[in-house]
Amino acid sequence: MNKSINISGAEAVIRCLIEEGVDLIYGYPGGAIMPIYDELYKFQDKLNHVLTRHEQGATHAAQGYSRVSGKVGVVTATSGPGATNLVTGIADAQIDSTPMVCITGQVASHLLGSDAFQETDIIGISTPVTKWNCQITKAVDIPKVLAKAFYIAKSGRPGPVLIDITKDAQFEMMDFHYEKCYSVRSYIPTPKYSINDIEKAVKLIDSSKKPLIVWGQGVILGNAENEFKEFIEKTGIPAAWTILGLSGLPTEHPLNVGMVGMHGNYGPNVLTNECDLLIAIGMRFDDRVTGNLETYAKQAKIIHFEIDPAEINKNVDVDIAILGNVKETIPKVTNLIKKNSHKKWLNKFHTFYEIEYEKVIKDDIHPSKDGLTMGEVIREINEASDGNAIIVTDVGQHQMVACRYASFKESKSNVTSGGLGTMGFALPAALGAKMGAPEREVVAIIGDGGYQMTIQELGTIFQTGAAVKIVVLNNEYLGMVRQWQQMFFEKRYASTEMINPDFVAIAKGYYIDAKKIEKRDELKTSITNMMNSNKPYFLEVKVEKEANVFPMIPSGASVSDIRLE
């Protein structure tokens, strides 16, 4: 836009969003942001606003939208409680590297610091959980600050940005002119890689006899799935994933050896402490992955591909760090390495899988007992979707089971709360995912505990008509906490049993088709009917009350101390 026009600060906000290509906003209005909503009303043909039932729901919906579309999620909320209700979702986006721009209204600038009605210091509150934040008190600053916000949110390692705009700045008139931001002084979103480090990495890879790759979400965020696949196929190296890296490589790929971490697969966890070279790609060595750091991969040389220099040597000391976007750095290595295979080493993973299958997996997905298992529900969803669905999970036992057993053919198909572990994430995130990829089937897998934390977003799903498929695996417990209480607190089930409402009646109260099943012979048909529906659908599955998720690495234990029972 070359010619400037004289408009209000509120209209400037809307025009900035349009200039950035935004066409979808999640939010909730209120007094301090009403001028922006008034302008939004005038631009309904260009911007679709989704009224969530709670501001936290707006943030999770924006996360789900961003994770499957690759775009920046946008959220709007008013001051005070509206702004503070965003904090959990912002923190979730920060630790899981999700690009999001949150715009909050604020009391008029002359009232700042006076404890005015619905005034909170959202800048101070959100500083630890945002990539950047800024308060605007003058309308003239709106275009430049919003352009910077979008650039920071989506560049380098993505993350959430919060912009707080006082009410007087929204009313104030200004000459509007918008220029996108392409750089910020002293901010280097993508660090430069070293040719010397790449050459050193090539030598280690070529000489390694028992290498292991662990990849994370950096592969997906960098849109480097093809480059990553070419790298592992040329090297023949077994590759395991973190839960946020899941779907970056098809589940059935012969070099995909499963999940690492607390409830990951037996082989990749045990063999982490046997490999001679560990190649970490776009992952941050989270404690759920590493277990006891004192015993983690001490025998191995470690190469770390990473865009964020702050992650290098933060938790695990590495021998070679290859900085930069993996879409650019992986091919640099691939071009120089020798074609190889590690069949004997790969077979060791297969042997461990066979042990795990007999002791754990078989009973999870093909149970002989009467009670329904979470694993067999996931198996039926895989079969009904042919591995093409987006699976959105909440947090808890069902999350680990879904991540372990869901089948994916396409990237950006696994949406979950990883680092923060936010119960209540899945229902609104599934709405966002469906709106971000309307052509794809979206299935939310949720526990009965987390479901009730954001159950009000059924109203948003009903109002938008988004054809989200909701599956609540109901064991009438806060299952993961109960499992720990059973294993480590002598079965003292303190405050974990759930007395639940009639979930089907609630769904039907929101005019959503719903069914409850308790018997195995109903499962396949019910899931098929749900998947065939072109409308929102709710399915409650009563699963075993006291089933546990295995394998499991006890908290603080070594990855090689993983338990199968």
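Values reported hereafter were calculated over all heavy atoms of this structure, with side chains retained and with hydrogens, waters and symmetry mates removed.
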Could you tell me if the side chain of [Y] sits less than 4.5 Å from the side chain of [X], heavy atoms only?
X	Y	answer
E227	V326	no
S385	E441	no
E119	L111	no
H110	D168	no
I302	F285	yes
L323	K192	no
N223	K412	yes
V471	Y451	no

Should K469 and L539 be marked as a side-chain contact (heavy atoms from CB on, under 4.5 Å) after you check the CA-CA gap, both sets of side-chain angles, and the distance that decides it? CA-CA 8 Å; K469 310 301 163 61; L539 186 64; over 6 Å; no
Okay, side chain of [X], backbone of [Y]: is any donor-acceptor separation there less than 3.5 Å?
X	Y	result
K327	F228	no
T251	F408	yes
S417	T422	yes
D38	M34	no
K234	I337	yes
Y65	G436	no
N414	L244	no
R440	N388	yes
D197	I322	no
N256	P250	yes

Where is the tightest heavy-atom contact between [X] and [Y], given as atom of each residue plus distance?
X	Y	result
S66	K71	OG-O, 2.7 Å
A433	I390	CB-CG2, 4.4 Å
V72	A153	CG1-CB, 4.5 Å
G30	T78	C-OG1, 3.4 Å
T242	G216	OG1-CA, 3.4 Å
L86	C102	CD1-CB, 4.2 Å

Would you please say whether a donor-acceptor pair under 3.5 Å links the side chains of [X] and [Y]?
X	Y	value
T393	T416	yes
E230	T334	no
T190	N325	no
E457	T460	yes
S97	Q217	no
E311	H304	no

Assess whether a salt bridge exists between E20 and K154, defined as any Lys/Arg side-chain N lying under 4.0 Å from an Asp/Glu carboxylate O. yes
Does D386 pair with K409 as a salt bridge, N-O distance under 4.0 Å?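 Judged by the 4.0 Å cut-off on N to carboxylate O distance, D386 and K409 do form a salt bridge.
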Answer yes or no: does atom [atom1] of [X] have more than 12 heavy-atom neighbours from other residues, nucleotides or ligands under 6.0 Å?
X	atom1	answer
D115	CG	no
F43	CZ	yes
L336	CG	yes
F150	CZ	yes

Please report the interatomic distance [atom1]([X]) to [atom2]([Y]), rounded to the nearest 0.5 Å.
X	Y	atom1	atom2	answer
I330	N335	CD1	CG	12.0 Å
I14	Q44	CD1	CD	11.0 Å
M173	N6	CE	CG	4.5 Å
I90	T59	CD1	OG1	7.0 Å

Evaluation steps, side-chain contact (heavy atoms from CB on, under 4.5 Å), between H54 and T454: CA-CA 8 Å; H54 190 285; T454 51; over 6 Å; no
Could you point out which residue of I123, N133, I136 forms a side-chain contact (heavy atoms from CB on, under 4.5 Å) with D164?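 It is I123; the other options fail the test.
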Passing option when D308 is tested against R284, R157, K314 for side-chain hydrogen bond (donor to acceptor under 3.5 Å, both in side chains): R157
Applying side-chain hydrogen bond (donor to acceptor under 3.5 Å, both in side chains), run through N196 and S194 and close with a yes or a no. CA-CA 5 Å; N196 188 41; S194 160; 4.9 Å; no
Please walk me through it: do D394 and M453 pass side-chain contact (heavy atoms from CB on, under 4.5 Å)? CA-CA 10 Å; D394 212 77; M453 288 196 170; over 6 Å; no
With side-chain contact (heavy atoms from CB on, under 4.5 Å) as the test, would you mind laying out the steps for Y510 and I461 before giving the verdict? CA-CA 9 Å; Y510 283 103; I461 290 169; over 6 Å; no
Do the rings of Y511 and F462 sit parallel, tilted or perpendicular, given the 30° and 60° boundaries?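 Y511 vs F462 ring planes: tilted.
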